[in-house]
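Working notes, structure below.
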Amino acid sequence: MKDNFSFQSDKYAKFRPTYPAAFFDYLNSIIQRKQCAWDCGTGNGQIAYELAKTFDTIHATDISQSQIDNALKVDTIKYSVQPAEQTDFENEIFDLIIVAQAIHWFDFEKFYAEVIRTAKEDAKLCIVGYGLLKITPTIDKVIMEFYTNVIGEYWDKERNYIDGNYQTIPFPFKEIETPMFVNKHRWGFSHLIGYLSTWSAVKHFLKKNGYNPLDALEVELKELWGKGEVKEVEFPILLRIGYIK
């Protein structure tokens with residue numbers, strides 16, 4: 001698994017969007033047993049933090065020590081640095097296994113073998129993420145131009161799974177039909193730029209070319225944004241849930 005997120009992991013924790021309360025309410029409604037869950041690829045720990053409100057124990061793993069150092073801390077969350085494809089967990093201990101905005105980085109075959117090994121009977125696997133943000137048609141057009149033509153060649157090939165709404169990932173489990181969710185936030189301009197700075201393609205561009213492609217974009221977007229304004233930002237939620245066994 002690639003580690004694109006250890007660098008500036010504090011920004012990742014600060015600027016990446018959270019998930020809507022309605023999603024967690026739904027997840028809780030379809031999980032009967034809530035003894036133990038695994039948040040795989042936990043990043044800043046935001047999923048683990050929400051699950052800790054209803055689950056007895058959360059195991060949250062990531063390959064980045066830096067991400068875990070900046071993650072939200074709760075007594076019932078047990079963080080560890082482990083790859084998704086090979087963990088030290090015992091067999092059949094999890095009621096829920098969840099991966100948020102990370103499944104596209106995994107070796108699917110090896111990870112799914114680990115999922116099957118560590119899941120209890122009737123446990124569920126939840127794959128969740130979010131697509132490209134939307135703000136206003138004018139701003140969206142500028143961001144899409146940047147996304148596609150300025151940094152487009154710097155995205156890892158795995159980004160295609162997100163652009164495909166996670167529908168092209170292998171998913172060898174009995175899938176259940178899920179509701180549609182939209183993630184809405186109210187952001188100031190500085191938060192938007194902070195979020196865009198966490199994009200892996202921006203980091204790849206900067207490393208190769210020696211300058212930040214966001215500098216020009218920031219000037220263009222600032223004219224469209226309006227001084228001191230707060231705008232609604234929407235992210236479509238990508239969601240697949242299935243029975244593991």
Fill in: Sub-4.5 Å side-chain heavy-atom contact between I127 and L239
no
Worksheet item: Does the pair L224 and V142 meet the rule for a side chain to side chain contact (heavy atoms under 4.5 Å, CB included), with working shown?
Response: CA-CA 10 Å; L224 300 173; V142 172; 3.7 Å; yes
Item to complete: Look at the side chain of D95 and the backbone N and O of Q35, then say whether any donor-acceptor pair between them is shorter than 3.5 Å.
Response: yes
Worksheet item: Ignoring hydrogens and geometry, is there a side-chain-to-backbone donor-acceptor pair from D62 to V81 under 3.5 Å?
Response: no
Discussion item. When you compare the side chains of T198 and R16, does any donor N or O come within less than 3.5 Å of an acceptor on the partner?
Written reply: yes
Worksheet item: Is K245 reaching over with its side chain to a backbone N or O of A119, donor-acceptor style, under 3.5 angstrom?
Response: yes
Item to complete: Please tell me if the side chains of L51 and L96 come closer than 4.5 Å, counting only heavy atoms from C-beta onward.
Response: yes
Practice prompt. Output yes when a side-chain donor or acceptor of N160 lies under 3.5 Å from a complementary backbone atom of K157, and no otherwise.
Written response: yes
Discussion item. Measuring only between side-chain heavy atoms, which start at C-beta, is I244 closer than 4.5 Å to V115?
Written reply: yes
Discussion item. Distance check, rounded to the nearest 0.5 Å: D140 atom CG versus E234 atom CD?
Written reply: 9.5 Å
Practice prompt. Please say whether more than 12 non-hydrogen atoms of neighbouring residues, nucleotides or ligands are located less than 6.0 Å from CD in E229.
Written response: yes
Can you list, pair by pair, the side-chain donor-acceptor contacts under 3.5 Å of residues 19-31, counting residues two or more places apart and other chains?
residue : atom : partner : partner atom : Å
N28     : OD1  : T54     : OG1          : 2.8
N28     : ND2  : F24     : O            : 3.1
S29     : OG   : Y26     : O            : 2.5

Worksheet entry | Student check: side-chain heavy atoms of N70 and N44 closer than 4.5 Å | no
Item to complete: Have a look at Y161 and tell me which of Y166, W105, F108 forms a ring pair (Phe, Tyr, Trp, His ring centres under 6.0 Å) with it.
Response: F108
Worksheet, complete the sentence: Distance col, row I135:CD1 vs T138:OG1, nearest 0.5 angstrom, shows 11.0 Å
Practice prompt. Treat each ILVMFWY residue as a node, draw an edge where side-chain heavy atoms are under 4.5 Å apart, and state whether I241 and V182 are in one component.
Written response: no
Worksheet entry | Neighbour count >12 (heavy atoms, 6.0 Å) for atom CG, D75 | no
Discussion item. Whether the S66 and D69 side chains hold a donor-acceptor pair (N or O, under 3.5 Å, no angle test) is what I'd like checked.
Written reply: no
Worksheet entry | Shortest non-hydrogen contact between A84 and F111, atoms and distance | O-CD1, 3.4 Å
Worksheet entry | Gap between atom OH of Y79 and atom NE2 of H59 - 0.5 Å precision | 13.0 Å
Worksheet item: Any side-chain donor-acceptor pair under 3.5 Å between R159 and Y154?
Response: no
Discussion item. Can you confirm whether L133 sits close enough to L192 that some side-chain heavy atom of one is under 4.5 Å from a side-chain heavy atom of the other?
Written reply: yes
Item to complete: Give the cluster check for I193 versus V230: same hydrophobic cluster or not, with ILVMFWY residues linked at side-chain heavy-atom distances below 4.5 Å.
Response: no
Worksheet item: Taking atom types as modelled and ignoring hydrogens, do the side chains of H204 and D156 form a donor-acceptor contact shorter than 3.5 angstrom?
Response: yes
Worksheet item: For residues W38 and T61, is any side-chain donor paired with an opposing acceptor at under 3.5 Å?
Response: yes
Worksheet item: Closest approach of R240 and Q167, non-hydrogen atoms and distance?
Response: NH1-O, 3.6 Å
Fill in: Residue pair F189 / K222, side-chain heavy-atom distance below 4.5 Å
yes
Discussion item. If you compare all heavy atoms of C36 against all heavy atoms of I93, which two are closest, and at what distance to 0.1 Å?
Written reply: CB-O, 3.4 Å
Fill in: Side chains of D88 and Q82, donor plus acceptor under 3.5 Å
yes
Discussion item. Out of the candidates F235, W225, F15, only one should pair with W187 under the ring pair (Phe, Tyr, Trp, His ring centres under 6.0 Å) rule; please name it.
Written reply: F235
Worksheet entry | OH-CD1 distance between Y130 and I162, expressed to the nearest 0.5 angstrom | 7.5 Å
Item to complete: Give a yes or no on whether the ring-centroid distance for F173 and Y112 is below 6.0 angstrom.
Response: yes
Fill in: K78, NZ: over 12 other non-hydrogen atoms inside 6.0 angstrom
no
Worksheet item: Has the side chain of E85 got a donor or acceptor atom that lies under 3.5 Å from a matching backbone atom of D107?
Response: yes
Worksheet item: If you draw a 6.0 Å radius around CD in E175, do more than 12 non-hydrogen atoms from other residues or ligands fall strictly inside?
Response: yes
Item to complete: Test side chain to side chain contact (heavy atoms under 4.5 Å, CB included) on I143 and L221 and set out the steps.
Response: CA-CA 8 Å; I143 292 177; L221 286 177; 4.2 Å; yes
Worksheet item: Say you draw a straight line from CG of D163 to CD of E158; how long is it, rounded to the nearest 0.5 Å?
Response: 12.0 Å
Discussion item. Tell me if a side-chain donor or acceptor on Q46 pairs with a main-chain N or O of L72 at a distance below 3.5 Å.
Written reply: no
Worksheet entry | Heavy-atom side-chain contact between K134 and V233 under 4.5 Å | no
Discussion item. Quick check: is W199 connected to Y211 through a chain of hydrophobic side chains (ILVMFWY, heavy atoms under 4.5 Å apart)?
Written reply: yes
Discussion item. Whether the side chain of T148 engages the backbone of E145 through a donor-acceptor N/O pair (distance < 3.5 Å, no angle test) should be reported.
Written reply: no
Discussion item. I'd like to know whether V202 forms a side chain to side chain contact (heavy atoms under 4.5 Å, CB included) with L214, so could you lay out the CA-CA distance, the side-chain angles of the two residues, the decisive distance to 0.1 Å, and finally the verdict.
Written reply: CA-CA 8 Å; V202 170; L214 281 177; 4.1 Å; yes
Worksheet item: Is the backbone of T87 close enough, under 3.5 Å, to the side chain of E114 for a donor and an acceptor to pair up by distance?
Response: yes
Worksheet item: Salt bridge check: are E92 and R117 linked by an N-O gap of less than 4.0 Å?
Response: no
Item to complete: Specify the closest pair of heavy atoms between G129 and Q101, including all atoms of both residues, with the distance to one decimal.
Response: CA-OE1, 3.0 Å
Worksheet item: What's the shortest heavy-atom distance between T42 and D39, and which atoms?
Response: OG1-OD2, 2.7 Å
Worksheet item: Which atoms form the tightest heavy-atom contact between A60 and A48, and what is the distance?
Response: CB-CB, 4.1 Å
Practice prompt. First locate atom SG of C126, then atom CD1 of I47, and finally report the distance between them rounded to the nearest 0.5 Å.
Written response: 7.5 Å
Item to complete: Would you check if K120 and R33 make a side-chain contact, meaning some heavy-atom pair closer than 4.5 Å?
Response: yes
